[in-house]
Amino acid sequence: MYKTCSIAQARKLVGKEVKVAGWVHETRNLGKLRFLQLRDQTGIIQLTAKAQRESDEVLAAMDLPKETVICAEGKVVESSIAEAGCELIPSKITVLNQVKSKLPIDVTEHVPAELDVRLDYRYIDLRRPKTRAIFAIRSRLAQAFREKCQLMGAIELHPPTIVGAATEGGAELFRVEYFEKEAFLVQSPQLYKQLAIIGGLDKVYMTVPVFRAEKHNTMTHLNEAYQMDMEIGFADAKDAVDALEEVVLYVLAKVKKECEEELKILQRELKIPSSIPRHTYSFLVEKLQSEGIEFRWGEDFSRAIEEKISEILGYSTYFILEWPSDIRPFYSMPDKTNPKICHAYDLNYEGLEISSGAQRVHDAEMLVEQLRKRGLKPADFEFYINAFRSGAPPHAGWSIGLDRLTMKVCGLHNIREAVLFPRDRVRIRP
Ligand code: ATP
Ligand code: MG
């Protein structure tokens, strides 16, 4: 057995004998007194050895190079100097593996590392408490999403990643060779979750990777991203926005409550509104124009404009409802009386779009018309359109970008920090 408990647990076991394992974080040799900070995923404990008290073997081990993998046995005692309020008096230290190369990242963060280097050596970067905190929060976000969806009576689906045709039109897809045929990596699970609703599953959710071959170079776009999706049968736009608000507030509250330690490491104080304001696209355009900002109805909001909107509103978390039909995907339901707008919505969280959705068109002939209007060929979507001729209920849904949500919750400037091995235009390794 390499360890009897984690370091966090050991810190609560004053007076007890424990065996812990991890990495040498730092050492300090004052001659007669030697300190070794031992780190695992849960925290750090100080090992303290005295020349006249501990064995020569233990004393020698107290000088091991940083990042050596060890296990240490001994008694946890109270300490007025150690940060944790306790320390471990080692009776035995065993080296489990040595460090045999020069490490490109300083885990103690005395020397800051460039993000590119950190991503190249993610396996070392992950040992930094800050990086670990990001992934613990990301995990909790994803898990809380699942929890909430289950509580709402939705079932989890696993749609395909390799698809035979584009799911949303447009050309920004990664092509893959699929035996004798051409296939694509999926850009969104959209059509598949709709097919499930037509199949009568009523309320479904999924957490899936999506692939977009867009040549972005921004702090908020990746070419492989994770989406958390929900689709609801017999629902309109309001029902879906209500559900999105409920899910997002639940997920944020869970993280605030259960990731206190991680949020502290990241120096984040999560503000969770009791409800999220809802504005129409047209209202926001009027606001912009009344502030003298040049913006034409019908354009998409750029990041710079989104910042202006937050400034004008005085807050940066809000829904944008009823978008111009022309800038939303073909499956967004146009308004009956004013088809220039459609029942699509976005959620901006802390100034960034983290979610999009729409009430979907559930009428086959209307879908054909919508595709034609956009210059897409209905024949390419035949399978999909036909499904709507078999008894398709009205439905609506949305998708939350997990990477962006993690980024904003953790207060990061670059989405790449929130992703284990991010894929962007230049980065496909490791
Ligand atoms: P944007 O307008 O910011 O480029 P989008 O409207 O094209 O995003 P959607 O198709 O609405 O994106 O995707 C749903 C959600 O998935 C977005 O709200 C966002 O949170 C996330 N997302 C979309 N594209 C990316 C990407 N390239 N990288 C990371 N996350 C993304
Ligand atoms: Mg969007």
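Order of appearance sets the numbers: ligands from 1, and atoms from 1 within every ligand. Given the structure is predicted, the values throughout are model-derived calculations rather than measurements.
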Peer 1: Using 30° and 60° as the class boundaries, would you call the ring planes of Phe330 and Tyr384 parallel, tilted or perpendicular?
Peer 2: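 The arrangement is perpendicular - the two ring planes meet at more than 60°.
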Peer 1: When rounded to the nearest 0.5 angstrom, what distance separates OG1 in Thr220 from CG in Asn414?
Peer 2: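 Reported value, rounded in 0.5 Å steps: 9.0 Å.
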Peer 1: Backbone or side chain, does any N or O of Ser356 fall under 3.5 Å from an N or O of ligand 1?
Peer 2: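 N/O-N/O distance under 3.5 Å: yes.
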Peer 1: Out of Arg423, Glu172, Arg404, who gets a non-hydrogen atom closest to atom 30 (N) of ligand 1?
Peer 2: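 Going through Arg423, Glu172, Arg404 one by one, Arg404 has the nearest heavy atom to atom 30 (N) of ligand 1.
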Peer 1: If you count the atoms of ligand 1 from 1 in the order shown, which ones are under 4.0 Å from a heavy atom of Ile354?
Peer 2: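 Listed by number with element, the hits are 18 (O), 20 (O).
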Peer 1: Would Thr220 count as a contact residue for ligand 1, given that I'm defining contact as a non-hydrogen atom of the residue lying under 4.0 Å from a ligand atom?
Peer 2: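 Yes, Thr220 has heavy atoms under 4.0 Å from ligand 1.
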Peer 1: Rounded to the nearest 0.5 Å, what's the gap from CD1 on Ile400 to CE on Met230? Could you check?
Peer 2: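 Separation between the atoms: 9.0 Å.
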Peer 1: For Asn217, is the CG atom crowded, meaning more than 12 foreign heavy atoms sit under 6.0 Å from it?
Peer 2: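 Incorrect, the count does not exceed 12.
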Peer 1: Holding to side chain to side chain donor-acceptor pair (under 3.5 Å), I want the full list of residues that pass it with Arg268, two or more places apart in sequence or in another chain.
Peer 2: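 In terms of side chain to side chain donor-acceptor pair (under 3.5 Å), with neighbours along the sequence ignored, Arg268 is linked to Glu350.
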Peer 1: Is it true that Arg303 lies under 4.0 Å from ligand 1, counting heavy atoms only?
Peer 2: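 Heavy atoms of Arg303 do come under 4.0 Å of ligand 1.
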Peer 1: Holding to side-chain contact (heavy atoms from CB on, under 4.5 Å), I want the full list of residues that pass it with Asp242, two or more places apart in sequence or in another chain.
Peer 2: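 For Asp242, the residues satisfying side-chain contact (heavy atoms from CB on, under 4.5 Å) (neighbours in sequence not counted) are Lys238, Arg278.
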Peer 1: For Ser355, counting its heavy atoms only, list the atoms of ligand 1 lying under 4.0 Å from any of them.
Peer 2: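 Counting atoms of ligand 1 from 1, those under 4.0 Å from Ser355 are 18 (O).
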Peer 1: Would you please test Arg128 and Glu109 for side chain to side chain contact (heavy atoms under 4.5 Å, CB included) and show each step?
Peer 2: CA-CA 8 Å; Arg128 296 163 67 244; Glu109 294 184 80; 2.7 Å; yes
Peer 1: Not counting sequence neighbours, list each pair that qualifies as a ring pair (Phe, Tyr, Trp, His ring centres under 6.0 Å) and has a residue in residues 129-151.
Peer 2: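 Checked against ring pair (Phe, Tyr, Trp, His ring centres under 6.0 Å) - neighbours excluded - the pairs reaching residues 129-151 are Phe145-Tyr205.
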Peer 1: How far does SG of Cys342 sit from CZ of Arg328, to the nearest 0.5 angstrom?
Peer 2: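 Nearest 0.5 Å value for the SG-CZ distance: 6.5 Å.
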Peer 1: Below the 3.5 angstrom mark, is there an N/O of Ile400, backbone or side chain, next to an N/O of ligand 1?
Peer 2: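 Between Ile400 and ligand 1 (N or O atoms, distance only) the closest approach is not under 3.5 Å.
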Peer 1: Taking a cutoff of less than 4.0 Å between a non-hydrogen atom of the residue and any ligand atom, is Ser188 in contact with ligand 1?
Peer 2: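 Flag not set, Ser188 not near ligand 1.
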Peer 1: Working to the nearest 0.5 Å, report the span between CZ of Arg132 and CZ of Arg127.
Peer 2: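 Reported value, rounded in 0.5 Å steps: 14.5 Å.
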Peer 1: Which protein atoms of type N, O or S are found under 2.8 Å from the Mg ion (ligand 2)?
Peer 2: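 Within the sphere that stays under 2.8 Å of the Mg ion (ligand 2), the protein atoms of type N, O or S are Glu353 OE2, Ser356 OG.
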Peer 1: Give the single entry among His221, His216, Met407 that approaches atom 1 (P) of ligand 1 most closely by any heavy atom.
Peer 2: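 Answer by nearest heavy atom: His221.
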Peer 1: Do you see a donor-acceptor pair shorter than 3.5 Å between the side chains of Tyr331 and Gln194?
Peer 2: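 No donor-acceptor contact under 3.5 Å links the two side chains.
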Peer 1: Please check whether Leu222 reaches ligand 1 - meaning an N/O of the residue sits under 3.5 Å from an N/O of the ligand, judged on distance alone.
Peer 2: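 Among all N and O atoms of Leu222, at least one is under 3.5 Å from an N or O of ligand 1.
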Peer 1: Ile415 to ligand 1: N or O pair under 3.5 Å?
Peer 2: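 Between Ile415 and ligand 1 (N or O atoms, distance only) the closest approach is not under 3.5 Å.
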Peer 1: For the side chain of Asp346 and the backbone of Phe319, is there at least one donor-acceptor N/O pair under 3.5 Å apart?
Peer 2: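 Side chain of Asp346 to backbone of Phe319, a donor-acceptor pair under 3.5 Å: no, none is there.
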Peer 1: Under a 4.0 Å heavy-atom limit, does Glu214 contact ligand 1 with its side chain, its backbone, both, or neither?
Peer 2: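 For Glu214, there is no contact with ligand 1 at all, from either part.
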Peer 1: Over 60° means perpendicular and under 30° means parallel, so tell me whether Tyr315 and Tyr318 are parallel, tilted or perpendicular.
Peer 2: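 Correct class here is perpendicular.
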Peer 1: Residue-level breakdown please: for Glu353 versus ligand 1, do any non-hydrogen atoms fall below 4.0 Å on the side chain, on the backbone, on both, or on neither?
Peer 2: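 Glu353 to ligand 1: contacts from backbone and side chain alike.
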Peer 1: With atoms numbered from 1 as shown, which atoms in ligand 1 lie under 4.0 angstrom from a non-hydrogen atom of Ala225?
Peer 2: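 With Ala225 as reference, the close atoms of ligand 1 come out as 28 (N), 29 (C), 30 (N).
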